[in-house]
Amino acid sequence: MRREGIRPVSFTFSALFKACAGLANVELGRQIHAQTFLIGGYECDLYVGNTLIDMYVKCGFFESGRCVFDEMPERDVISWTSLIVAYAKSGDMEAAAELFNGLPEKDMVAWTAMITGYAQNAKPREALKLFESMRDAGVSTDEVTLVGGISACALLGAGKHAKWIRDLAEKDGLSPSTNVVVGSAMIDMYSKCGSVGEAYQIFKSMKEKNVYSYSAMIVGFAIHGKANAALELFYEMVETDTKPNRVTFVGALTACSHAGMVQQGRRLFESMKRDYGVTPEVDHYACMVDLLGRAGHLEEALNLAATMPIEPNGGVWGALLGACRIHGNPAIAEVAANHLFDLEPNSIGNYIVLSNIYAVAGMWTDVSRVRKLMREKGLRKNPGCSWMEAEDGIIHEFFAGDMTHPKSKEIKEALEELLQTLKRNGYKPNLSSVVHDIGDGEKERLLKTHSEKLALAFGLLTTIAGTPIRIVKNLRVCEDCHTVMCGASLIMRREIVLRDNMRFHHFHDGVCSCGNFW
DNA sequence: ACAGAGTGAG
């Protein structure tokens, strides 16, 4: 076109930037960006500017997007929304909210960008609050808005919220059975709310299924420990026209890993490239290290991490470290931890796991060495937080050590009574779950303040006898709390469903669905 | 008329 001497119009540039965004090719984008100045005039065009911001944001170059925005002589709601998305993607929701609040005319897409931003940054309550304000403001919502709300409900893991948004979707004519995006989002939501059966009902009802629908369902089975169902669905999927992708394999491999199905996992991994044309990436190697390590093949897992054809990341070494915790192997743990301290020097969890492994092995000098390292780096423990949905749909949050809940006194008493009963039945507090350098009495006191125990006591106090108690936790559940949940399910004759940051634990009659293998 | 929001894993 340029050789022919035909002068491009602004749409020509918009189309080019859109193509660069699709290819995530920022280099090419920058070259064409320079052309807008050379040919002249286009850098002032609103459409060109907006596509440019979008291209930089989609390629992850937020600063460049911001520069374009700042230099635009004229901006509209689309320019502002692109910038809101940029801040949301970089994790700065405060900045995004400031821009949004300053917008004189907020349209549906701007509202939706904020809702989705909160959901993507793990702030479900903010997302749902905004979703309601949007509807109250009389702004119309579409399937994209709804999916933002559905993701927020998935994060919350609360059944009544799930039902509420489902009813809303049906009322708006966006049924999961006819809308593949809504359906896929709801599969994820129901399985993260603990209702994997309901998720499967949705899946079966869907007229159209894509790779998201299958992957969400496979992952749903995996996090509930239903490895056979996950693999059966995988083999059902490959008989259809829907091709599995990298995420599908992460889900299927995770399923094998949680169930200790080493042979199936190995076969699946070997078949990825050969039978399905999906090249294993670093996450798949992490799944394999996890699979081998959990099953006790620690040397082989270490060997895989050390010799894999791509550079291992924190996920790979983290999986190995986790396996060393399960099997109590301080020697290999040290190798994994050293890599992790290089790759993620400020990630507190790795120091805590290593220190726990040393403590269980009675290696107290090493325990204090790791603790000293943590102190020197000024790292603080992430606060543990658990929550549960009450009968009226209100979410009650509990933080470790926090006694500000209005029912704190009753909760403390109920927990004390439960623990006494458990002790009479042979429960001993697992003091090595506490990393701090304090006396045993203090350790036991600290264990009693763990957020999932507070939530459990609250559940025992406020829910109807015989109904399941459902709790969600932000971190991995600790050894001692896991034991207490098992015991409580037997003594109180209650089913307890606990979602931690990795998976679900279904406690029933004193045993957990994870087989104490998590 | 072109341009901004989307579901699955870690």
Side-chain angles (χ1 to χ4, degrees), chain A residues 9-18 21 45-55 57-58 65 68-69 72 75-86 88-89 96 100 103 106-120 134 141-152 154 174 176 179-189 191-192 199 202-203 206 209-223 237 242 244-255 257 281-287 290 313-316 318-319 501-503:
Chain A
V9 291
S10 44
F11 174 59
T12 319
F13 283 110
S14 297
L16 286 167
F17 293 137
K18 202 175 173 178
D45 189 280
L46 180 60
Y47 290 147
V48 173
N50 283 343
T51 30
L52 250 175
I53 300 176
D54 182 52
M55 184 214 45
V57 172
K58 286 209 171 108
V68 175
F69 179 88
M72 282 165 74
R75 306 176 187 107
D76 63 3
V77 65
I78 295 177
S79 333
W80 287 96
T81 305
S82 300
L83 209 59
I84 288 173
V85 170
K89 288 213 167 116
F100 179 75
L103 262 182
K106 306 172 172 70
D107 67 3
M108 177 168 76
V109 180
W111 280 92
T112 305
M114 279 301 292
I115 292 168
T116 304
Y118 279 125
Q120 288 170 346
M134 179 179 180
T141 57
D142 68 359
E143 53 165 4
V144 185
T145 323
L146 192 64
V147 166
I150 296 170
S151 310
L174 294 165
N179 185 308
V180 66
V181 179
V182 169
S184 304
M186 280 196 186
I187 292 170
D188 177 55
M189 173 181 77
S191 70
K192 287 190 180 145
I202 298 259
F203 177 81
M206 288 169 69
K209 301 182 182 82
N210 63 16
V211 62
Y212 283 82
S213 333
Y214 278 100
S215 304
M217 195 64 244
I218 289 169
V219 169
F221 284 135
I223 61 174
M237 173 185 186
T242 309
N245 65 12
R246 49 194 306 278
V247 181
T248 321
F249 281 102
V250 170
L253 290 171
T254 307
S257 171
E281 289 176 40
V282 67
D283 292 337
H284 302 109
Y285 281 94
C287 287
D290 191 62
N313 64 5
V316 175
N501 60 343
M502 303 300 289
R503 59 174 300 161

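The sequence lines fix the lettering, A, B, ..., with proteins before strands; numbering per chain opens at 1.
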NA contact type, A/Ser82, heavy-atom cut-off 4.0 Å: base, sugar-phosphate, or nothing?
sugar-phosphate

Separation of atom CG in A/Leu83 from atom C1' in B/dA3, rounded to whole Å
15 Å

Show your reasoning for whether ring pair (Phe, Tyr, Trp, His ring centres under 6.0 Å) applies to A/Phe69 and A/Trp80.
CA-CA 8 Å; A/Phe69 179 88; A/Trp80 287 96; 4.9 Å; yes

Under 4.0 Å protein heavy-atom contacts per nucleotide of nucleotides 5-10 of chain B, with B for base, S for backbone only and - for none
BBBBB-

How many angstroms lie between CD1 in A/Ile187 and CD1 in A/Ile150, if you round to the nearest 0.5 Å?
11.0 Å

Applying salt bridge (Lys or Arg N to Asp or Glu O under 4.0 Å) as the test, list every pair that has at least one member in residues 75-84 of chain A; sequence neighbours left out.
none

Is it the case that the side chains of A/Thr51 and A/Asp54 hold a donor-acceptor pair, with the cut-off being a distance below 3.5 Å and no angle test?
no

Atom-pair distance (CG on A/Leu46; P on B/dG4), nearest Å:
12 Å

A/Tyr285: what forms a ring pair (Phe, Tyr, Trp, His ring centres under 6.0 Å) with it, not counting sequence neighbours?
A/Phe269

